[in-house]
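A quick write-up on the structure given underneath.
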Amino acid sequence: RRAVTPVEPHLVAVSKLLARYSLEPVVTEPGSAIPGSYWGESEAGLIGNRIYFRPDTPLHSVLHEACHFICMDGARRAQLERDAGGDYDEENAVCYLQILLADELAGMDSRQMCGDMDAWGYTFRLGSAQTWFERDADDARGWLLAHRIIDESGRVTGTCRSQ
């Protein structure tokens, strides 16, 4: 398995991106347990509007958990602790949004994010994140558009799902 991009070189850019969605980044000590982590190890965690990660946490993990926060409804967001929940359609929207948000970070892009997702073990019907994103994600795009997380042109709006 190839190495994935750590969040450390992107800390400033990620912090600015998270702030757009009222998410507060909390960087924990190297090697420490990460509060609110669903997967454990170095994976990001969510508690309320705080997203926890270490410098070695994979960037895809931080963006994925941030996208759960962005895509969940307000009631779930208000009680969020570790398990973001959501259904199949929302999970697809989360994956699609994390790929879009990668393009918002200097030194990162959607192609590298897709490669990192594949390396970590995300699975898609067409065999890779990139192929899914380009050819099989109309449902995810539609979901994000319906919830006003992206606009008609496919650009992120900088807002969380409201209902």
Side-chain angles (χ1 to χ4, degrees), residues 4-5 7 10 13-25 34 36-40 42-53 57-105 108-163:
V4 296
T5 308
V7 72
H10 303 280
V14 166
S15 295
K16 287 180 184 177
L17 178 65
L18 296 174
R20 289 171 38 195
Y21 296 98
S22 300
L23 270 163
E24 179 184 335
I34 298 175
S37 178
Y38 185 82
W39 296 103
S42 64
E43 301 298 320
L46 283 170
I47 300 175
N49 75 324
R50 291 190 173 123
I51 185 163
Y52 295 85
F53 53 89
T57 295
L59 179 58
H60 73 83
S61 178
V62 174
L63 289 185
H64 189 84
E65 295 307 316
C67 291
H68 270 298
F69 180 87
I70 293 164
C71 290
M72 68 178 54
D73 63 35
R76 281 187 17 241
R77 207 177 295 121
Q79 298 185 16
L80 179 57
E81 184 165 348
R82 187 179 153 282
D83 186 355
D87 59 18
Y88 178 82
D89 292 334
E90 185 178 307
E91 184 67 29
N92 283 343
V94 164
C95 290
Y96 191 89
L97 183 59
Q98 87 183 74
I99 293 167
L100 288 179
L101 290 180
D103 282 330
E104 304 276 314
L105 300 173
M108 188 60 174
D109 61 29
S110 60
R111 243 181 223 294
Q112 187 173 347
M113 178 57 61
C114 287
D116 284 359
M117 292 167 75
D118 291 341
W120 188 84
Y122 291 69
T123 59
F124 296 95
R125 281 188 304 249
L126 299 180
S128 76
Q130 187 74 43
T131 303
W132 169 78
F133 182 75
E134 293 172 348
R135 297 184 11 214
D136 192 36
D138 288 342
D139 58 334
R141 274 191 302 277
W143 192 99
L144 292 166
L145 181 60
H147 291 286
R148 298 186 177 107
I149 295 169
I150 63 172
D151 65 19
E152 291 284 343
S153 67
R155 287 189 301 257
V156 294
T157 61
T159 59
C160 291
R161 175 180 174 186
S162 59
Q163 11 173 318

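Position 1 is the first residue of the sequence; numbering continues from there.
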List for me each residue that meets side-chain hydrogen bond (donor to acceptor under 3.5 Å, both in side chains) alongside E65, sequence neighbours excluded, and say none if there are none. none

For G154 against L100, the heavy-atom pair lying closest together: O-CD1, 3.8 Å

Shortest non-hydrogen separation from C67 to Q98 and the atoms involved: SG-N, 3.4 Å

Say you draw a straight line from CG of L18 to CD of E24; how long is it, rounded to the nearest 0.5 Å? 10.5 Å

Main-chain N/O of G45 paired with R82 side-chain donor or acceptor, under 3.5 Å: no

Given side chain to side chain contact (heavy atoms under 4.5 Å, CB included), test V156 with L97 step by step and report yes or no. CA-CA 8 Å; V156 294; L97 183 59; 3.6 Å; yes

Nearest heavy-atom neighbours spanning F69 and C160: CE2-SG, 4.0 Å

Could you measure the distance from the CD1 atom of I99 to the CG atom of D109? Nearest 0.5 Å is fine. 11.0 Å

Using 30° and 60° as the class limits, which term best fits the ring planes of H64 and H68: parallel, tilted or perpendicular? perpendicular

Neighbour count above 12 (heavy atom, 6.0 Å) for Y21 OH: yes

Which heavy atom of D151 sits nearest a heavy atom of T157, and at what distance? N-CG2, 3.7 Å

Nearest 0.5 Å, what's the CZ-CZ distance between F133 and R111? 10.0 Å

Applying the side-chain contact (heavy atoms from CB on, under 4.5 Å) criterion to I70, which one of L63, L101, T159 satisfies it? L101

Using 0.5 Å steps for rounding, measure from the CZ atom of R161 to the CG atom of L144. 10.5 Å

How about D116 and T5: does a side-chain donor come under 3.5 Å of a side-chain acceptor? yes

Would you compute the distance between atom CD of E134 and atom SG of C114 and round it to the nearest 0.5 angstrom? 7.5 Å

Gap separating the CD1 atom of I149 from the OH atom of Y96, nearest 0.5 angstrom: 13.0 Å

Can you tell me which residue pairs pass the salt bridge (charged side-chain N to carboxylate O under 4.0 Å, His left out) test with a partner in residues 91-105, sequence neighbours excluded? R20-E104

Backbone N or O of A44 within a donor-acceptor pair of the T57 side chain at under 3.5 Å? no

So, using side chain to side chain contact (heavy atoms under 4.5 Å, CB included) as the criterion, who are the partners of E43 when residues are at least two apart? S37, W39, P58, H60, S61, W120

S15: what forms a side chain to side chain contact (heavy atoms under 4.5 Å, CB included) with it, not counting sequence neighbours? P25

Taking only residues two or more places apart in sequence, or in another chain, which ones meet T131 in a side chain to side chain contact (heavy atoms under 4.5 Å, CB included)? L126, S128, R135

Applying side chain to side chain contact (heavy atoms under 4.5 Å, CB included), name anything that partners E81, two or more places apart in sequence or on another chain. I47

